[in-house]
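Hydrogens, waters and symmetry mates play no part in the numbers below; they use all other heavy atoms, side chains included.
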Amino acid sequence: MLNKIRFLCTWAFLLPFGIIAQEEMAKPMSLEECVSYALENNRNLKTVRLEEAIAETQVAETRSIGLPQVNFQTGVNYNYEVRKAFLPENFVDPNGDPENSVAAPFGVEYDANANFAVSQLLFDGSYFVGLQAAKTLRELRQKESNQSEVETVSAITKAYYLVLISEERLELVDANREQLERVLTETEALYENGFAEKIDIDRIRVNLNNITTENKKAKRGFEVSMDVLKFQMGLPLDTPLELSGNIESLSLDAGEYLNKEESFDYRERTEYSILQTNQDLANLDLRNNKATLLPKLYANLSYGWNTGTNRTIELFNFNDRWLSFGAVGVSLNWDLFTGLRRSSKMERNRIQIEQLEIQKDQLKSSIDMEIKQAKNDLASAKESLDVQQQNMKLAQSVYEQVEVKYKNGLASSRELLDAETSKKEAETNYYGSLYDAVIAKIDLEKALGILY
């Protein structure tokens, strides 16, 4: 009973916080807020940013090579068969024959040692190049992270406007269904009074069934587009989300971008910047291979103790049996000839640098073509949108006129349903053109490197 009371108290205490969190998330979010949330919570971005953290550790790892290296080593050996040496007989017995030799143990049963060794790199040409390369690698990871952010912003923006367009289309389909239901009700009244035929009711009912199905399909499409947006944001799918934007506030004006291509800086595109950084890394690798022509110089310091005995107990007599030793000095390591391996590496680096230069030129041409294509796509999409918007208004006007004539007995139900079908087709074409125009503008901003 006491456990139940505790559980209920805990549940009652935590429940308001969950409600508050849900209410905060349910507040309408603008495009900027959705993008900001995605940049913090998108799972792909989190993974890419971990690569940045890995690059940081690589910088620290490379830097540690130039710091003092301290090593401790110890060991105990049991020489179950002591090595023997052949000595002149008179070494063992003064009266012995020096021409003869005897085998004498050359050691003890137990020996042990413990020593500290400290080394410090004094000079290594490749170390400084490696340190610079590690920092350049960190820069590369940051640029790759920025590229992933651009892709995320593009995906979020497209998903955001798809939700807004789907929502507006759903509202229009709802309005059309309600309008057709009203026409059906009026036609049934006319039929009861002898001013309409049964076939008129059946025709309208068929269209009503179709638009009801379309309405359900539009609702599912809206839910799917909302789920896609939540997924791109890194938001749980069961979390309520409401958007504050609307289609009316969307600007498709691209006049500010018309002269952008003339003064376009390719470095604004992360893909080009990444290629440049890869080329820098290849140059650093070449410098590193050249630096191996120079020697490596180290300062060394060692200090330790050793002991030896035929009795185990004396291994622990640290006062008398353990003798100290120490040394300090410098060491030089110089690879004078590596069997042409070094020259092969440098030749490979030069080929990689040339390859990256070609890729940069190819990317420039690709970017120019992408910008031109994006501008053409946006211009075509805007033209199509203007035409479809006019068609939608005309179709709505035609439908309203035919509806008035139908109510006055001057138009048949077939004419009314044909006008209603044309209106739905015009609306579908309009929203399709609207989404194409939105996508075209986003793609143009991305091509110009100004989306994010």
Side-chain angles (χ1 to χ4, degrees), residues 39 42 44-59 61-62 125-126 128-155 157-158 257 259-292 340-378 439-452:
L39 293 177
N42 182 275
N44 290 335
L45 275 181
K46 288 181 178 180
T47 302
V48 173
R49 284 170 181 152
L50 288 177
E51 292 293 334
E52 286 189 58
I54 292 174
E56 291 290 343
T57 64
Q58 290 175 312
V59 173
E61 180 182 349
T62 305
S126 62
F128 300 101
V129 178
L131 188 60
Q132 187 176 353
K135 293 179 179 179
T136 306
L137 179 62
R138 177 177 60 187
E139 180 184 348
L140 176 63
R141 294 293 178 259
Q142 290 171 346
K143 290 180 179 180
E144 289 174 346
S145 178
N146 185 58
Q147 184 181 21
S148 296
E149 289 175 353
V150 172
E151 296 294 337
T152 300
V153 171
S154 174
T157 306
K158 292 178 180 180
Y257 309 138
N259 300 321
K260 185 70 176 177
E261 187 177 4
E262 299 176 1
S263 58
F264 181 70
D265 185 358
Y266 294 101
R267 290 174 297 181
E268 292 184 9
R269 288 286 296 267
T270 53
E271 300 95 323
Y272 185 85
S273 183
I274 286 173
L275 266 183
Q276 181 62 57
T277 305
N278 278 321
Q279 192 174 36
D280 293 340
L281 284 172
N283 280 306
L284 286 170
D285 196 19
L286 176 60
R287 285 177 53 192
N288 178 67
N289 288 322
K290 289 180 178 180
T292 59
L340 301 179
R341 182 186 62 199
R342 180 163 42 211
S343 60
S344 298
K345 285 184 175 181
M346 289 190 289
E347 182 61 24
R348 182 188 63 189
N349 293 145
R350 294 187 184 97
I351 294 173
Q352 289 174 336
I353 293 170
E354 182 180 359
Q355 186 181 43
L356 287 167
E357 191 64 36
I358 295 173
Q359 290 178 3
K360 284 169 59 179
D361 293 338
Q362 174 68 17
L363 182 60
K364 285 182 180 179
S365 299
S366 177
I367 290 174
D368 292 340
M369 184 175 64
E370 184 180 351
I371 292 174
K372 185 176 181 180
Q373 183 65 42
K375 286 184 176 182
N376 291 336
D377 289 345
L378 180 57
I439 297 302
K441 183 179 180 183
I442 294 171
D443 289 341
L444 176 57
E445 291 177 343
K446 183 181 176 183
L448 294 172
I450 58 176
L451 179 62
Y452 173 68

Thr57 and Ile54: side chain to side chain contact (heavy atoms under 4.5 Å, CB included), yes or no, with the steps? CA-CA 5 Å; Thr57 64; Ile54 292 174; 4.3 Å; yes
Between [X] and [Y], does any side-chain N to carboxylate O distance fall below 4.0 Å?
X      : Y      : answer
Arg138 : Glu52  : no
Glu56  : Arg141 : no
Glu139 : Lys143 : yes
Glu271 : Lys364 : no

Evaluate Tyr272 against Asp265 for side-chain hydrogen bond (donor to acceptor under 3.5 Å, both in side chains), listing each step before the verdict. CA-CA 10 Å; Tyr272 185 85; Asp265 185 358; over 6 Å; no
Would you indicate whether the side-chain heavy atoms of [Y] and [X] approach each other to under 4.5 Å?
X      : Y      : value
Tyr452 : Thr152 : no
Leu137 : Leu140 : yes
Asp443 : Asp377 : no
Leu275 : Tyr266 : no
Ser148 : Asn44  : no
Lys360 : Gln279 : yes
Gln142 : Asn146 : no
Arg342 : Met346 : yes

Rounded to the nearest 0.5 Å, how far apart are [atom1] of [X] and [atom2] of [Y]?
X      : Y      : atom1 : atom2 : answer
Leu378 : Gln373 : CG    : CD    : 11.5 Å
Leu451 : Glu268 : CG    : CD    : 12.5 Å
Lys441 : Thr157 : NZ    : OG1   : 11.0 Å
Asn283 : Asn278 : CG    : CG    : 11.5 Å
Leu444 : Ile439 : CG    : CD1   : 13.0 Å
Lys345 : Asn288 : NZ    : CG    : 8.5 Å

Please find the pair of heavy atoms, one from [X] and one from [Y], that lie closest to each other, and give the distance.
X      : Y      : result
Asn42  : Leu45  : OD1-N, 3.1 Å
Asn349 : Asp285 : ND2-OD2, 3.0 Å
Ser145 : Arg49  : OG-CG, 3.6 Å
Ser126 : Ala291 : N-CB, 3.5 Å
Val59  : Ala134 : CG2-O, 3.3 Å
Ala282 : Leu356 : CB-CD1, 4.1 Å

Can you tell me if Lys135 has over 12 outside heavy atoms packed within less than 6.0 Å of its NZ?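 Count not over threshold, so no.
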With a 3.5 Å distance limit and no angle check, can you tell me whether [X] reaches the backbone of [Y] through a side-chain donor-acceptor pair?
X      : Y      : answer
Thr277 : Ser273 : yes
Ser154 : Val150 : no
Ser344 : Leu340 : yes

Quick one, Gln359 with Leu363, criterion side chain to side chain contact (heavy atoms under 4.5 Å, CB included). Give me CA distance, side-chain angles, the key distance, then yes/no. CA-CA 6 Å; Gln359 290 178 3; Leu363 182 60; over 6 Å; no
Test salt bridge (Lys or Arg N to Asp or Glu O under 4.0 Å) on Lys446 and Glu370; report intermediate values, then the result. CA-CA 10 Å; Lys446 183 181 176 183; Glu370 184 180 351; over 6 Å; no
